[in-house]
Amino acid sequence: MTFTMNDQANVNPASTEANTVRRKLHPLVDLQCDRTWFDELQNRVAKNGPWDDWTLYQLTMEAEQAKRVDSFEQLQCLRTLPSFEPMPHQVDTARKVVHEMGGRAILADEVGLGKTIEAGLVIKEYMVRGLVRKALILVPASLVLQWVRELNSKFGISAVAQKKEHTWQYDVVVASIDTAKRDPHREIILGQDYDMIIIDEAHKLKNKKTTNYQFALQLRKKYCLLLTATPIQNDLDELYNLITLLKPGQLGGQSEFAANFVVDKRLPKNEDQLQDALSTVMIRNRRGDGGISFTKRVVKNIPLELSSEEKALYDAVTAFVRDRYKEDGVDMMSMLPLVTLQREVCSSRDAVFITLVNLFKKTAEDSPIRPKIWELVEFIKQIKANTKAEKVMELIQQINDKVIIFTEYRASQEYLLQFFRSHNILAVPYRGGMNRGKKDWMMDLFRGRAQVLIATEAGGEGINLQFCHNMINFDLPWNPMRVEQRIGRVHRLGQKEDVKIYNLCTLGTIEEHIVNLLHEKINLFELVIGELDHILERFESDAGSIEQQLARMLLESEGDAVHLEQRLSHLGSTLSKLRDETESPETPQGPTILSQMTALGQKVEVRP
């Protein structure tokens, strides 16, 4: 029950003095209790009123109960998220960041475990506690709208996407880091104090000499989260740079860090001490074998016979590349663009045509190479149809549902758009060159009206497409990690259907060997997400990237299919062995840098 006190102006000073109780608790501390309210209460009890409204009393009690904190160790924000239930490892991560890391951490969970959700929980918790009001979230341009939607819909945080100069004055702003680092935006941002900074895809800050790193270093912040699935890619210095950005001095100076923890740029020493140091700033949750439900991957390889005209072009390009390789003084790096020609022929005539025209323009007019390039263009003119495009149209009609198609080449993307348009199939493009507004528009069209989204590699970074479960690889990258990143757009937490993956491969070409390598040798499509980066890290440590090794094998085989098959088989066996060692808890060669960090998080159980 509540009652209204008399206005202090009407209280008799003598009466107030009489009802004041004073007690000496300490020579320097007096306890003073004002009991003037007691007479008023006695008076109302005697007259049975007037009393305040019972409904208002109940509301007051409910408000006080809602504000009550049962345990400071628990996340208070969970009570404010009635329509969203985060997973246990996400809650544990947020709790650890808030209570043990002081709001400065690298969230390095393996792909698909929800780093965005963890960051959202942290910022929401600090907001509920009144410790964060102004926050800046820097992400790749393609992810700006996705972050805004997640923060608003899941966490009730009024985040806005940065569009104009005045937007920086809002409390929670999501922006592209490339926009933020340029003037006049840079000057505005560096002139403000932020309660929290969040940077997604933070591995792009690994080089401290870049403008992105220097810009992030100058931001004035109280709390900071860096999100990346790959805090180390090629060098332990990358990890040092990220942690220095987060907590300068945490690992000592650069020379001190190297002396204490580095044997070679990829090989650490004193792993236990390194883990202890990292455990105060980094959390890396990994995948296990059961618990979280992931849908299945259903993979189907579709072999295709090239038309006679397409096969003639492929053979001519292959002969051209081989002849150039045999010339004296030609180094491997200068040959890589020519190897790309062979890959483009397997995609579309349009892709190889543009590369040939550019090569023709760059070649000196008196060069004997020029006529040979033009001969290849004449081969292209003979091709009237695209075998792959016709098969894709057939697949789309069979699927009769939304489909995402990935291609490496912009020219192939444009060709497919025109091809589908001529056959009354509504398709939209998605590529790296589009501005953020157009990317968001294309995504909304695909979510609503369009049946097909045709994405290039650059366009596919970071987007989430769980509402689609059919994917066609029109052509395949030579780097398995990029194939995995494609699949990760649709096969991730939140996907409710089994994901169907169709790989097109042209028989009698290098593409056939690549599909065999990825699918049969290293069983890429069945790997648990997160294992592949460990395998490739070890494989590429000595002999260069996998793309360079494949190109070298192709050139050195000099058209001998049997020799090429043998070398690719050996490469596949090496990768397969590394996969088995990665899956094994103890390996003679020792674990990779990331897999050593077992103390930095928990194993999240995942079942297919």
Side-chain angles (χ1 to χ4, degrees), residues 295-311 314 344-352 383-431 441-457 459-460 463-477 483 486-492 495-509 511-512 514-515 518-519 525:
T295 58
K296 295 178 181 177
R297 295 180 179 185
V298 181
V299 183
K300 186 175 182 181
N301 294 330
I302 302 175
L304 300 170
E305 287 280 359
L306 291 174
S307 66
S308 56
E309 294 85 1
E310 289 171 321
K311 190 68 170 68
Y314 180 82
E344 289 172 335
V345 176
C346 299
S347 180
S348 72
R349 64 177 186 181
D350 300 62
V352 74
I383 299 174
K384 304 302 180 187
N386 186 303
T387 303
K388 277 189 171 181
E390 291 171 354
K391 185 63 180 179
V392 167
M393 186 177 68
E394 181 186 322
L395 282 172
I396 290 171
Q397 291 168 343
Q398 288 174 3
I399 293 168
N400 195 30
D401 200 352
K402 292 192 182 296
V403 180
I404 178 169
I405 300 172
F406 274 105
T407 177
E408 287 204 277
Y409 309 107
R410 168 80 180 273
S412 295
Q413 183 188 51
E414 292 292 341
Y415 172 80
L416 286 171
L417 285 169
Q418 294 175 14
F419 182 76
F420 291 146
R421 193 177 297 124
S422 66
H423 289 84
N424 298 316
I425 295 174
L426 186 56
V428 293
Y430 196 94
R431 54 177 171 263
W441 181 33
M442 293 300 105
M443 195 57 62
D444 287 340
L445 284 175
F446 181 47
R447 189 179 282 105
R449 295 171 50 202
Q451 182 185 358
V452 180
L453 178 78
I454 308 171
T456 60
E457 228 64 41
I463 58 174
N464 293 337
L465 296 161
Q466 293 99 320
F467 60 88
C468 173
H469 60 274
N470 300 294
M471 176 182 140
I472 298 175
N473 284 311
F474 190 75
D475 42 56
L476 279 168
V483 181
R486 287 180 175 186
I487 299 169
R489 300 304 104 222
V490 293
H491 190 241
R492 59 196 299 121
Q495 177 60 262
K496 295 179 173 60
E497 306 287 339
D498 290 342
V499 174
K500 297 181 176 65
I501 303 162
Y502 302 88
N503 300 317
L504 304 186
C505 67
T506 47
L507 297 175
T509 69
E511 195 170 59
E512 181 183 6
I514 296 300
V515 170
L518 296 178
H519 192 251
F525 301 100

Original post:
Is the closest side-chain heavy-atom distance between Tyr502 and Asn301 below 4.5 Å?
Top reply: no
Subject >> Where Val490 and Met471 come nearest, the two heavy atoms and their spacing >> reply: CG2-SD, 4.3 Å
Original post:
Could you state the interatomic distance from CZ (Phe406) to CD1 (Ile501), rounded to the nearest 0.5 Å?
Top reply: 11.0 Å
Original post:
Would you find a donor on one side and an acceptor on the other, under 3.5 Å apart, between the side chain of Glu310 and the backbone of Leu306?
Top reply: no
Original post:
Using 30° and 60° as the class limits, which term best fits the ring planes of Phe419 and Tyr415: parallel, tilted or perpendicular?
Top reply: parallel
**OP:** Test Arg297 against Ile487 for side chain to side chain contact (heavy atoms under 4.5 Å, CB included), laying out the working first.
**Re:** CA-CA 9 Å; Arg297 295 180 179 185; Ile487 299 169; 3.7 Å; yes
**OP:** Report yes or no: does Glu512 contribute a side-chain atom to a donor-acceptor pair with the main-chain N or O of Cys505 at less than 3.5 Å?
**Re:** no
Subject >> Shortest non-hydrogen contact between Ser307 and Thr387, atoms and distance >> reply: N-OG1, 3.7 Å
**OP:** Give the C-alpha distance, both sets of side-chain angles, the deciding distance and a yes or no for side chain to side chain contact (heavy atoms under 4.5 Å, CB included) between Leu465 and Ile404.
**Re:** CA-CA 9 Å; Leu465 296 161; Ile404 178 169; 3.2 Å; yes
Original post:
What distance do Glu497 atom CD and Phe467 atom CZ have between them, rounded to the nearest 0.5 Å?
Top reply: 13.5 Å
Subject >> Side-chain ion pair, Arg431 and Glu414, N-O less than 4.0 Å >> reply: yes
Subject >> Inter-residue atom distance Phe474.CZ - Asn503.CG, 0.5 Å rounding >> reply: 13.0 Å
Original post:
What closest approach, in Å, do Thr407 and Ser347 show between heavy atoms, and which atom pair accounts for it?
Top reply: OG1-OG, 3.9 Å
**OP:** Would you mind checking if Asp350 and Lys388 are paired as a salt bridge, meaning a charged N to carboxylate O distance below 4.0 Å?
**Re:** no
Original post:
Is there a side-chain contact between Cys346 and Tyr314, using heavy atoms and a 4.5 Å cut-off?
Top reply: yes
Original post:
So, the side chain of Gln466 versus the backbone of Lys496: is there a donor-acceptor pair under 3.5 Å, distance only?
Top reply: no
**OP:** For the residue pair Val428 and Val452, establish whether any side-chain heavy-atom pair is separated by less than 4.5 Å.
**Re:** no
Original post:
Could you go step by step and tell me if Asn386 and Arg349 meet the side-chain hydrogen bond (donor to acceptor under 3.5 Å, both in side chains) rule?
Top reply: CA-CA 8 Å; Asn386 186 303; Arg349 64 177 186 181; over 6 Å; no
**OP:** Before giving the answer on side chain to side chain contact (heavy atoms under 4.5 Å, CB included), spell out for Leu395 and Ile472 the whole-Å C-alpha distance, their side-chain angles and the decisive distance to 0.1 Å.
**Re:** CA-CA 9 Å; Leu395 282 172; Ile472 298 175; 4.1 Å; yes
**OP:** Write down the atom of Met443, the atom of Leu453, and the distance for their closest heavy-atom approach.
**Re:** CE-CD2, 4.4 Å
Original post:
Which heavy-atom pair separates Asp475 from Pro477 by the least distance, and what is that distance?
Top reply: O-CD, 4.0 Å
Original post:
Atom NE2 in His469, atom NZ in Lys296: separation rounded to 0.5 Å?
Top reply: 14.5 Å
Subject >> Rounded distance (nearest 0.5 Å) linking atom CG of Leu426 with atom CZ of Phe446 >> reply: 10.5 Å
**OP:** Drop me the distance from Glu511's CD to Thr506's OG1, to the nearest 0.5 angstrom.
**Re:** 4.0 Å
Original post:
Which heavy atom of Lys391 sits nearest a heavy atom of Leu304, and at what distance?
Top reply: CG-CD2, 3.7 Å
